[in-house]
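Working notes, structure below.
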Amino acid sequence: MRAARVTTLDGPAAVTVEQVDTPVRGDGEVLVEVHAAGVTFPEVLQSRGRYQHRPELPFTPGSEVAGTVLEAPDGSPLRPGDRVAAFMATGGYAEQAAAPAELVFPLPDRVSFVAGAALPMNYLTVELALGLRGRLQAGETLLVHGAGGGIGTAGIQLAKALGARVVAVVSSEAKGEAARQAGADEVVPVDGFRAAVQALGGADVVLDPVGGDRFTDSLRSLRPGGRLLVVGFTAGEIPTVKVNRLLLNNIDVVGVGWGAYALARPGYAASQWDRLRPHLESGALDPVIGSTRPLAEAAQALASIEDRTAVGKVVLTVR
Ligand SMILES: NC(=O)c1ccc[n+]([C@@H]2O[C@H](COP(=O)([O-])OP(=O)(O)OC[C@H]3O[C@@H](n4cnc5c(N)ncnc54)[C@H](OP(=O)(O)O)[C@@H]3O)[C@@H](O)[C@H]2O)c1
């Protein structure tokens, strides 16, 4: 089968597409015929050996796919031919991929394979972030950084489905358009976002996949009792916090690590999918797909995330 391969840690440009052996389904795994694969920021980091999880070289990147079941373990409710979305550590940018059965989710009929491939990583992460970790309530205001990206557009959609108001922070007009398409009520530029958010009444919760030097202004954008959700550091720099800012207004800074939480609790990811499912079936959650590229262009897809030109979610079409 064809698969993308990371053979050296020289970044997206060094990613190739080659013929490799089809994966062998392990105990408790589901083998999926991949129709589409989501491209995520951690895979950019992995292509340079900069992610916490460092697979042995060479490896096939890719942590989320949508497709149909080829084989499922005994006792699984899944049958060959079922439409699914799936999460796996690696191996998604390929014609077939194996995933742990508890991380294979039924895909509602109205959700396309391309949209399905955009779901596992970002939507399960924002479900944990806005739900258990962030306690976002209907009527509250959510500020979203990197709002035109994968996590950003997913966070906007889920917040709107939960009845919150969303202020999106973006660095370009195109990303602002993606944030609006996801349902953002207000879109403000990165430069001067603090003043703009204050003029809009401040935020109850901040969803931050970016980090870097905007962190302190994010804290200052919060209303009393606000929560800042630490999701990632696409800006590169890991911020530090002066804790007096937390005391003054009863602010929480909350870590959100989906893998650390969900993968340690069998059944948790499935319960998250059950909570997302009505919103998928109603169309309230409908990923903003910025670009689709064939598998052969895996390198270019990863490069678009690294050079910050990607808008919305980037997906590889495999068949
Ligand atoms: N904690 C978890 O469990 C978890 C789960 C999934 C993903 N993540 C993390 O969440 C982060 C976002 O992932 P994503 O899929 O949303 O990525 P993405 O689609 O590439 O979006 C990230 C956004 O970050 C902003 N950004 C600011 N500075 C940047 C820079 N120097 N380079 C690239 N982007 C920059 C960009 O928005 P602007 O240009 O508008 O600023 C971009 O749209 C990643 O760090 C990822 O590892 C964490």
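Model, not experiment: these values are computed from the prediction. Every number for a ligand or one of its atoms is a count from 1 in the order of the listing.
- Residue contacts with ligand 1 include R214, since one or more of its heavy atoms lies under 4.0 Å from the ligand.
- Residue-level proximity to ligand 1 for V210 is carried by the side chain, the only part with a heavy atom below 4.0 angstrom.
- The protein heavy atom nearest to atom 1 (N) of ligand 1 is V256 O, 2.7 Å.
- Residue A235 places a heavy atom under 4.0 Å from ligand 1.
- A salt bridge does not link D82 to R79: none of the charged nitrogens lies less than 4.0 Å from a carboxylate oxygen.
- Comment: R265 does not engage E102 in a salt bridge, judged by the lack of any side-chain N to carboxylate O separation of less than 4.0 angstrom.
- Counting only non-hydrogen atoms, the option in R308, H145, K313, K175 that gets closest to atom 41 (O) of ligand 1 is R308.
- Atom 16 (O) of ligand 1 has as its closest protein heavy atom I151 N, 2.7 Å.
- Not a single heavy atom of G236 sits under 4.0 Å from any atom of ligand 1.
- Within the cation-pi definition used here (under 6.0 Å to the ring centroid, within 45° of the axis), R275 qualifies as a partner of Y268.
- Nearest protein neighbour of atom 23 (C) of ligand 1, counting heavy atoms only, is G146 CA, 3.9 Å.
- Of the options G152, G176, P209, the smallest heavy-atom separation from atom 11 (C) of ligand 1 is shown by P209.
- With hydrogens left out, the protein atom closest to atom 19 (O) of ligand 1 is G150 N, 2.8 Å, a heavy atom.
- Between F87 and W258, the ring center distance clears the sub-6.0 Å criterion.
- Look at R180 and E173 and you find a salt bridge, because one of the NZ, NE, NH1 or NH2 atoms lies within 4.0 Å of a carboxylate O, short of that distance.
- Note on R48 versus E306: salt bridge recorded, some NZ/NE/NH1/NH2 to OD/OE distance being below 4.0 Å.
- With hydrogens left out, the protein atom closest to atom 3 (O) of ligand 1 is W258 N, 2.8 Å, a heavy atom.
- Of all atoms in ligand 1, numbered sequentially from 1 with element shown, those under 4.0 Å from a heavy atom of G149 are 19 (O), 21 (O), 43 (O).
- The side-chain tip of R54 does not point at the ring of Y51 from less than 6.0 angstrom away and within 45° of straight on.
- Annotation: the span from D204 atom CG to L142 atom CG amounts to 9.0 Å, rounded to 0.5 Å.
- Not a single heavy atom of T40 lies less than 4.0 angstrom from ligand 1.
- Contact annotation for T234 and ligand 1: heavy atoms of both the backbone and the side chain come within less than 4.0 Å of the ligand.
- The shortest contact between atom 40 (O) of ligand 1 and any protein heavy atom is with S171 N, 2.9 Å.
- Geometric assessment of R5 against the ring of F59 yields a negative cation-pi assignment under the 6.0 Å and 45° thresholds.
- Between G257 and ligand 1, a contact under 3.5 Å exists for no N or O pair.
- Looking at atom 5 (C) of ligand 1, its nearest protein heavy atom turns out to be T125 OG1, 3.1 Å.
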